[in-house]
Structure formats: C-alpha cells, structure tokens
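Worksheet: one structure, shown below.
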Number of protein chains: 2
Amino acid sequence: MRDHSNRSAGRPTLEEVAARAGVGRGTVSRVVNGSAQVSPKARKLVQDAIEDLGYVPNRAARALVTQRTDSIALVVFESGERFFAEPFFGRIVQSVSSVLVARNLQMVLMIAQAPEERRQLEGYLTRQHVDGALLLSLHGDDPLPALLEERGVPTVRVGRPVHPEPVSFVDADNRGGARAAVSYLREQGRRCIATITGPMDMAPGVARYQGYRDVVGDGPAAAGDFGEISGAMAMEWLLTNYPQLDAVFAASDMMAAGALRVLRRAGRRVPEDVAVIGFDDSVIARHTDPPLTSVYQPVEQMGQETVRLLLAKLDGEEPVERETVMPTRLILRGSA
Amino acid sequence: MRDHSNRSAGRPTLEEVAARAGVGRGTVSRVVNGSAQVSPKARKLVQDAIEDLGYVPNRAARALVTQRTDSIALVVFESGERFFAEPFFGRIVQSVSSVLVARNLQMVLMIAQAPEERRQLEGYLTRQHVDGALLLSLHGDDPLPALLEERGVPTVRVGRPVHPEPVSFVDADNRGGARAAVSYLREQGRRCIATITGPMDMAPGVARYQGYRDVVGDGPAAAGDFGEISGAMAMEWLLTNYPQLDAVFAASDMMAAGALRVLRRAGRRVPEDVAVIGFDDSVIARHTDPPLTSVYQPVEQMGQETVRLLLAKLDGEEPVERETVMPTRLILRGSA
DNA sequence: TCGGACCGCGGGAGCGCTCTCGGCATTCCG
DNA sequence: CGGAATGCCGAGAGCGCTCCCGCGGTCCGA
C-alpha cells in the first residue's frame, strides 16, 4: 500500500491491478483465488501489482456474484446475566473464533435476549447474510434450527436438543459426567445423596438429572435454574426436608456455590458432614471455600468440533447430520 | 414468505418486488430505505409485495454501491485465558451488541491473540470490510488505532491509551476508583497499606497504581498481571518483606483472590488482621471467603457509550475525538 | 392562460467481482 | 506435416442494489 497513482482516492480495484500488471481481469482473479491455470510469469506480474497497489478484494462484490458471504453467525440465546456469569460462553466463542479466523471467515456474534431481538434475528439469518449458523444455548423446543434448515442455512448446534431433531449437534456427555460425579459420592460412602437440578427446559439440565437418577434412583431433588441464588434456595429446601443428607450433586458450579453458602450458614461442614460436587469446572470452582469438586467438559474442543461440522456441511454439500458427544471428567477438589 | 412464484429458486430480488407491485425499481428502493418521496398508494403496494414475496434486501449488492458494509468490528486483544476468566469482556460484548442490533448493524467479533492472527486482522480492518472498529484491551503503545484512523476506519477504544493519542476512548475512572478504595482503607485506620499492581504496559494497571500512590505515596507495591497466580505470588513477597502490613489494595479481583488464599495460609485473618480490596466487582468477588470489597465500574454503560461515540463518528462525519470517563464506585463486602 | 416550481416516479448506469466461453499459441500424436 | 488436444488468457455478461437524471402531472402565482 504505497503507490496510489490511480484516479480514485479509494482502494484499487481488480481492474486497476490488471491494467498495472498488463493482463486481463480474469487473470488477476485467477491469481487472487489461487487457480492453477496461470503461467508463472503472469502470476508474478500480478502479485507484484497487487503488492504495489495494496490491493484488497472487495468482499461485497465477490459476495454478490458468488452468493457466499464468508461469514458465519454465532447465535447465543441467553439473558445478559448468564452470558456474563458463565465462562462457558467465552470459551466457546474463543475457540470458534480461532477456527474461523484460520479459514478466513468472519464471525458475526448475535445475542438474542429480548423477544424483539429474537424476531429481528430470525429475519436476519438468511443465506443473504450468512453462510451458516452456530446455535448456542437454545431453550426448550426452539423452532429456529428447523426453520433455518428449511431456509437452506446450514446449522449446527452446541448442546443436544431436548427432543430429537434432524440438526447436527455437538454436546458434552452431561449424563455420563453426572453419573460419574454421583457414583464417586456413593463410593466415598455417602448414604443420602441429593441433587439440585438445572432448568428442565434445557437439555443439560435434563441430562445431568438423568445421570443422577441413573445412580440414585430415588434421592431427593430440588429444582434450580443454574444460577447461584436458585442453588441457595434449593439447598435450604433440601436441608429442611432432608436434614439427614450427606452429599449434594449440583448441576452447575454456580448453584453449588450457593449451596455451599447455605450449608456453611447451617453449620454443616464441607466435606466432612456434606460433600458437594458441581458441574462445569468454571473459575469460581477454584474460589469457593472449600474449592469445589466439579465435572469438567472440554469446552474448547466442543467449540472447534462444532465449527468443523459446520464447515464440512458448507464445503461438502453433504446433508449428513451428525451427533458428536465429548467426554467429561471429574475434577477432584476439597468439597468432596 | 409464502408465495415463491418466481422463476429463481433463490430469494426474490428488488426487481421482482417491483414487478409484482407494478412499480419501478426506484420506488421499491425508496420504500425499503424509508424515503419520504413515495405516495401512500405506491408505498402500500410495495409493502404488500414485499410481504407476499418475503423480500429481504441483499446486503452485498447494497454494500457494493453504498460503500458501506453495515458491520462493526469489535476487536479484543487478549489471550484466551483472560478472555475466559474476565466477565468484563462478556459484559462489554453484550452491551455493545444490544446497541448495534437496535441500529441494524452486525457485530463482527475478532479475537487477536497469536501474532499471525494479529497480522491477519490488520489486513482485514479496512473500509472494504467494516464501517468502524471498537478496540478492546489494547496493550502498550499499540500502533493499530493510529493505523486505522489513517486508513479512514473510524475507531473508538475502550480504555485510555497509555500515552495520549488522537483517538476517541471511553474509560472507567480507574485512578479515582483506586483512590477511593485506598482512602477507605486509611479511614478505617489501616496504617500500612500495600498494593498489588496490574501490568504496567496497560493503562488500567498504571491508573490504578497512580490512584494508590495518590493516597499512600510511599507504600509497598508488588507487581502482578491481573491474574490470580500473580496475585498470590505478589502477596507472598509482600508478607515476607512487609510483615507489618494491615491492608492490601489489589488492582483486580483475581489478584485479590490469590492474595486472600495466601493470607489465609499464612494465618492472617481477613479483615481483622489484614483488609483486602479488589477491583472490577466481578462475580468471583462474591465467592471468595470473606466476600471481597471491590471497586465497581459501569461496564454496560461503558460499552453503550463506546458504540454511541462510534456511531456519531460514522453518521456525522465529524472527526471530533472525544474522551469519556465514567465514575466507579466502591462496593463494600466482608474483606475490608 | 401560461410558465415554472415541485412532487412522484421509472429506468439507465454502474458499483467490483466471478464465471464462462471462445480464441490464440503451443504441443503432441498419428 | 496436418489436425486435435491442451494451456493460458481476455473480455462480455451479469450478480442486486442505489443513485441520479429527466419526464409527466399538479398546483400556484402572475
């Protein structure tokens, strides 16, 4: 970008590059797009001209003719509050970003909280605007994935749908992770293991609850919403109704943290009197007192895998829907 | 979007809408863009046709002629680790997003960590691709803001530059916040107040340190990098060299959390023996033991204000550079 | 009654690119 | 040595939109 010896003040066009290199537009286009049908001599000429002029292809013009936008939407259906609080999202965003950057695709982040935003988003998610969409943190039986698929917008979601759906997804083994956590409690000799569940309109909530049930079958359960307050309230309820409990499996670290607070206030020692295990292995797990034993999920790998699935769809045009479930791992700390 | 009675399988074009409404292309364009120069009758006709056909304007075609992309880059210069850990980013992203959505602009999130990503990003940030850029968490004297400004890409940064620069920015009153925290410690009768600083190549690190100096002048200081580990290490060093200290001001909550751990291990009671104050008022501040007194900054307002500044630049074409500093507030909890 | 201002509108031009097709060299084979 | 195959290239067409020019009609003041 040094020699701006062209009439227009703006950036140079392909045509100008061609003129400078003494070749036709087609040849420049071929070079830019890495076609093999160019002689070494012409290629060199063009590359020099591009270098001299500081040419950058115009995305809009390209998109107009190729019908591809080279951008991918990452859609998060989440209230502001949770989006702040959960490192999970940050990590997903980060890992998705790194893969997309490597492929020269731009990541358009869309956060849908309010209903109007949701509506606007639906109008936006078109092949006109994005080549594909990554859906994060869907609630209940959201019709959006189906709608997008119908519109021909390739879609992959993070997290298993509550009810089976013909859309690819990547998920952590929530059920297995919960099972491992609760089994561990049992192996430690805990007799009365309770659970604090997540919201039942979200797949992780359901799956973690099922994992718990796989092991205990009939233990006491209280419902939460993944948030801290709800964890505290659930814990209070559990203590009142099942004072004999000696272990708690919470479906999120936030709820576990809330439970920890209540337990301490009630004079129960953790882990001596009551063992506690959370889920997510988030930062706060390392900052509670005692540090929280928690179920780790490979968030970064999940993010990367999700993008890979989507890109495969875009490239291959293969309408194969796939399900990928990644293993979880119990991280032992002081609370259990 | 029901009647697809046109030849092409794809989405309807402006031309098709015009044909259906029995008007010219120009009129449809005027309606779509909200021009006043349209008779109510024609407008109705066009609106109905748009409705029937499910017409959505083609962004690429529009961009090609208007030379605007209707998208804004949000650039985060941060290693993966910090991006995960700090809710700050999530909150900024969220608040920025909400403003942009309302204006029908798309937010392109770019995370630059690795040097190659950084290089690629520089190539990307052109008027060809984005209308403007929001810069987050810049380190040292990054030349990027100046480069962008020179290229004609309107830019606003979050966080004051280390050295004065002719680029608009929005920042929290880091210095004032630090001053308030340290003054509070002094008012509580603390005699020997130490500080754990952030990295000195980042403006918040410097400003919070200055705020501390404004009050104490000659107190003991140890350097950290905003991360927890560094906080713990700094605390160890301080305890060794200044065992008489009875208060610590840490420039981030993470570092304060690390310090808390070390203090407990050293047998110091908080806040009885040593008072601790952090900065950011992040989630973890509520989960340490004891809960952390911390300096709150209005992150959401900062995000919104930043976008507003940028949009003003875009609209007004006024090359006015502005500095906005938002107030901070001390949130009292158990640790001080 | 007539000229001009003004409003609403249609349609040509052109944004910068890719795709495709045909043409010219060059090479290779029979 | 002729014709076909091959490699490389130039340029026309067209993607869907906005911008702008100019036309016809209406309304008003002279």
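The figures that follow rest on heavy atoms only: side chains count, while hydrogens, waters and symmetry mates do not. By convention in this document, chain letters (A, B, ...) are assigned in the order of the sequence lines, proteins followed by strands, and residues within each chain are numbered from 1.
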Pairwise side-chain contact, B/V38 with B/T27, heavy-atom cut-off 4.5 Å (strictly under): yes
With the side chain counted from C-beta on, respond yes when B/V17 and B/L14 share a heavy-atom pair under 4.5 Å apart, and no when they do not.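 In short, these two side chains do not touch, never coming nearer than 4.5 Å.
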For atom [atom1] of [X] and atom [atom2] of [N], their distance in whole Å:
X: A/L14; N: D/dG14; atom1: CG; atom2: P; answer: 20 Å
X: B/R68; N: D/dC17; atom1: CZ; atom2: C1'; answer: 16 Å
X: A/R11; N: C/dG16; atom1: CZ; atom2: P; answer: 12 Å
X: B/N58; N: D/dT18; atom1: CG; atom2: P; answer: 10 Å
X: A/R25; N: C/dT18; atom1: CZ; atom2: P; answer: 10 Å
X: A/E16; N: C/dC17; atom1: CD; atom2: C1'; answer: 13 Å
X: A/L53; N: C/dG16; atom1: CG; atom2: P; answer: 13 Å
X: B/Q67; N: C/dG14; atom1: CD; atom2: P; answer: 15 Å

Are any of the side-chain nitrogens in [X] or [Y] under 4.0 Å away from the carboxylate oxygens of its partner?
X: A/E116; Y: A/R119; result: no
X: B/R118; Y: B/E122; result: yes
X: A/D315; Y: A/R103; result: yes

Return no unless some side-chain N or O of [X] is found under 4.0 Å from OP1 or OP2 of [N].
X: A/T13; N: C/dC15; value: no
X: A/R62; N: C/dT18; value: yes
X: A/S29; N: C/dC17; value: no

[X], nearest nucleotide to its side chain (from [options]):
X: A/V38; options: D/dC9, C/dC9, D/dG16; result: D/dC9
X: A/T66; options: C/dG14, C/dC9, C/dC19; result: C/dC19
X: B/A42; options: C/dC17, C/dC9, D/dC8; result: C/dC9
X: B/L64; options: C/dG10, C/dT18, D/dG16; result: D/dG16
X: A/T27; options: D/dC17, D/dC9, C/dC9; result: D/dC9

Has the side chain of B/R30 got a donor or acceptor atom sitting under 3.5 Å from an opposite partner on the base of C/dG10?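 When only heavy-atom distances are counted, B/R30 does reach the base of C/dG10 through a donor-acceptor pair under 3.5 Å.
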For B/K41 and A/Y55, find the nucleotide of DNA chain C closest to each by heavy atoms; which residue's nucleotide sits nearer the 5' end?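 It is B/K41, whose closest nucleotide lies nearer the 5' terminus.
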Residue whose nearest DNA chain C nucleotide is more 5′ - B/V23 or B/V65: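 Closest to the 5' end, via its nearest nucleotide, is B/V23.
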Applying a 4.0 Å non-hydrogen cut-off, can you work out what B/A63 is touching in the nucleic acid: base, sugar-phosphate, or nothing?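 Nothing: the residue B/A63, judged by heavy atoms under 4.0 Å, touches no strand.
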If you pin A/Q37 and B/R59 to their nearest nucleotides in DNA chain D, which one's is more 5'?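 Of the two residues, A/Q37 wins.
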Euclidean distance, A/M326 CE relative to A/E300 CD, rounded to 0.5 Å: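 So the CD of A/E300 and the CE of A/M326 are separated by 11.0 Å.
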